[in-house]
Amino acid sequence: MPSIAVTGSPGVGKTTITQLLIEQGWQTMSVSDLAKKFDCEGDFDESMNSQEIDIHLLAERFNPDSGKRVIIDGHLSHFLAADAIIILRCRPDELKTRLAARGYSDDKITANVEWELLSGTWAEIIEFDISQPILEIDTSGLSPQEVAECISTWIDGGMVENRPTTAIDWLEDN
């Protein structure tokens, strides 16, 4: 049974999509819950209003149960042991709207929109030579159900390597 990391910037739809996958028989785990469970939380970052996670320590301590279909939800999930990675992306203007609706501070919105704009998750995947099969999905114009269906189709098709030669480039559109 596969374990799948669902990653991407905050606001791209990770948790919404993983909730839909629960209905298809997947178990889900969030990176933040795993960090608590394995004592891998760091300090609370007041400026970003978020709990820091020692993701490298968590990667050492966590191994998914290979007998279960597991989705690991979180913007750092691509660092954890998984059979495949799904990167959810969102147009920066749409992401800004989503994060503002969550009540994020201007600084936190700017940091996350810049991360998305620069394909930060891809930079980490390349830097750390992460080699699992990858599916990248632009969630900007898709419903959560459409994204979940795309993911299910990819998984049911054997998670065939779908690593593009380049990541979605939001700068090309400007």
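FYI, side chains are in, hydrogens and waters are out, and symmetry mates aren't considered; it's all heavy atoms of this structure.
Placement of Val113 and Leu118 in two distinct hydrophobic clusters is found when ILVMFWY residues are connected by side-chain heavy-atom separations under 4.5 Å, directly or transitively. Criterion: ILVMFWY side-chain heavy atoms under 4.5 Å apart, direct or through other members. Under it, Leu80 and Phe38 are part of a common hydrophobic cluster.
Shown here is Lys96, whose NZ atom has no more than 12 heavy atoms of other residues, nucleotides or ligands within 6.0 Å. No more than 12 heavy-atom neighbours from other residues, nucleotides or ligands sit within 6.0 angstrom of NE2 on His75.
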After noting the C-alpha distance and the side-chain angles of Ser140 and Asp138, does the key distance pass the side-chain hydrogen bond (donor to acceptor under 3.5 Å, both in side chains) rule?
CA-CA 6 Å; Ser140 305; Asp138 176 1; 2.6 Å; yes
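Summarising the geometry of Pro64 relative to Ala81, their closest heavy-atom pair is CG-O, 3.4 Å, with the distance given to 0.1 Å. Nearest heavy atoms, Thr139 versus Val12: OG1-O, 2.9 Å.
Classified by interplanar angle (parallel below 30°, tilted 30° to 60°, perpendicular above 60°), the ring pair Phe128/Phe79 is perpendicular.
For the pair Lys68 (side chain) and Ser3 (backbone), a donor-acceptor distance under 3.5 Å is absent.
Separating the CG atom in Leu99 from the OG1 atom in Thr110 is a distance of 10.0 Å, to the nearest 0.5 Å. A distance of 10.0 Å separates OG of Ser9 from CG of Leu88, quoted to the nearest 0.5 Å.
Contact of the Trp154 side chain with the Met159 side chain is registered, since non-hydrogen atoms from C-beta on lie closer than 4.5 Å.
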